[in-house]
There are 2 protein chains.
Amino acid sequence: MPGPADERRVDPIARLIQAFSRLPGIGEKSATRLAFFVLRQGSEYARNLAEALLEATERVGFCERCMNLTDGSLCTLCLDARRDGRTICVVETVQDLRAIQKSNEYRGQFHVLHGTLAPLEGIGPDELKMKELLTRLQAPDAEVEELIIATNPSVEGEATALYLKKMLAPMGYRVTRIASGLPIGGDFEYADPATISQALAGRREM
Amino acid sequence: MPGPADERRVDPIARLIQAFSRLPGIGEKSATRLAFFVLRQGSEYARNLAEALLEATERVGFCERCMNLTDGSLCTLCLDARRDGRTICVVETVQDLRAIQKSNEYRGQFHVLHGTLAPLEGIGPDELKMKELLTRLQAPDAEVEELIIATNPSVEGEATALYLKKMLAPMGYRVTRIASGLPIGGDFEYADPATISQALAGRREM
């Protein structure tokens with residue numbers, strides 16, 4: 001009985017499994033499980049996920065000012081006039097921005113570098129959104145006083161922080177670095193030596 | 001500066017995260033990671049996954065004969081004339097079928113029940129593809145001699161196997177059940193009592 005399967009096209013199930021398995025942390029077994037879940041759920045579920053994928057990648061781009069992701073020309077944070085324009089918190093990624101936003105502690109603006117300096121991988125200042133930061137600082141309506149360098153406390157994050165400090169301090173800005181130390185709920189017994197060293201060096205009067 | 005973000009539509013990133021988090025085993029954190037991965041990969045990757053989703057759910061249906069999933073009227077296994085039509089291996093799910101196929105040990109045909117009997121959840125014989133199995137056995141060109149009941153060795157799988165045995169044996173078919181016992185590479189020390197009991201009961205001359 002001749003059917004479409006005779007034409008030896010790519011098996012749609014295999015294609016879906018293959019597409020899922022390209023996601024990070026999803027191996028072939030998980031991808032197979034996801035694919036069969038989708039097939040069981042039916043076409044409405046698949047259409048929603050497909051539309052969400054297309055909408056996100058087609059409509060989302062960089063905020064003109066802070067390089068956050070947005071579906072407009074400016075992101076909601078930059079559009080929010082209540083946020084303090086005198087402080088810019090410089091972060092590595094949009095995920096880091098969102099984590100800081102979730103803590104509800106910060107009311108200033110952001111700037112997303114989209115990476116850290118990594119000379120061995122060919123990532124220099126030009127590969128990051130540093131030019132955009134300078135342009136922004138030099139804008140006629142800029143009122144920035146302080147830049148909080150909130151790159152991660154890793155080797156690359158520290159190197160990037162140092163680079164920014166050297167670039168921004170001579171321009172007259174206050175440049176601060178987020179505190180490193182034991183996380184809340186942490187334990188000296190399980191903390192690494194570098195963290196303990198930072199916790200001691202950064203001690204404060206109480 | 002008025003932009004599309006002013007219209008207060010659903011944030012496309014939030015929508016994508018939400019769609020991902022409906023997948024099994026994907027929580028909000030994983031969904032966020034997947035969404036940002038997709039955004040970094042760009043639209044070609046997203047389009048491929050979106051198309052794979054739509055294609056799979058729109059084109060894939062049940063094989064007319066064995067209830068496997070296929071994009072034709074018959075699946076590739078049923079179209080393969082080299083497979084032995086005298087044996088049908090009855091499995092719970094398409095994933096089980098694929099696992100058996102991967103072992104490259106079985107050359108007969110399959111039948112997928114799409115579940116097991118679960119009276120408490122309202123799943124009786126009519127909710128499974130049992131009628132389709134009977135129809136198939138009664139087809140004029142049927143040459144079936146043996147049915148291998150390969151439902152999983154769980155309470156529901158055993159109950160379903162017993163039901164099938166009672167239905168099929170009086171019709172004159174040889175009805176066999178897959179062997180249960182210690183898996184290859186297994187260890188008595190870590191095996192559960194039920195598996196050990198099955199391994200002893202199913203012992204063979206050597």
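Computed from a prediction, not measured in an experiment: that's the story for all the values here. Letters A, B, ... are given to chains in the order of the sequence lines, protein chains preceding strands, and every chain is numbered from 1.
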Taking only residues two or more places apart in sequence, or in another chain, which ones meet R33(A) in a side chain to side chain contact (heavy atoms under 4.5 Å, CB included)?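 Here the qualifying residues are S30(A), P24(B).
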Suppose we screen for side chain to side chain contact (heavy atoms under 4.5 Å, CB included). Which residues come up paired with T176(B), at least two apart in sequence or across chains? E146(B), I148(B), R174(B)
So which part of R22(B) gets closer than 4.5 Å to some heavy atom of chain A, the side chain, the backbone, both or neither? both
Do T93(B) and F36(A) have side chains that get closer than 4.5 Å, going by heavy atoms?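 With C-beta onward as the side chain, the pair stays apart.
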Check salt bridge (Lys or Arg N to Asp or Glu O under 4.0 Å) between K102(B) and all other residues, then give those that pass, not counting sequence neighbours. E28(A)
Determine which residues belonging to residues 38-55 of chain B lie within contact range of chain A, meaning some heavy atom pair is under 4.5 Å apart, and list them by number or answer 'none'. V38(B), L39(B), R40(B), G42(B), S43(B), Y45(B), A46(B), R47(B), N48(B), L49(B), A50(B), E51(B), A52(B), L53(B), L54(B), E55(B)
Kindly compute the distance separating CD1 (I13(A)) from CG (N68(B)), expressed to the nearest 0.5 Å.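 If I round to the nearest 0.5 Å, the distance is 7.0 Å.
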More than 12 heavy atoms of other residues, nucleotides or ligands under 6.0 Å from CD of E143(B): is that the case?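 Enclosed.
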Tell me whether the count of non-hydrogen atoms from other residues, nucleotides or ligands lying under 6.0 Å of CD in Q138(A) goes above 12.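 Above 12, so yes.
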Counting heavy-atom pairs under 4.5 angstrom with chain B, the leader among H114(A), Q18(A), E58(A), R98(A) is R98(A)
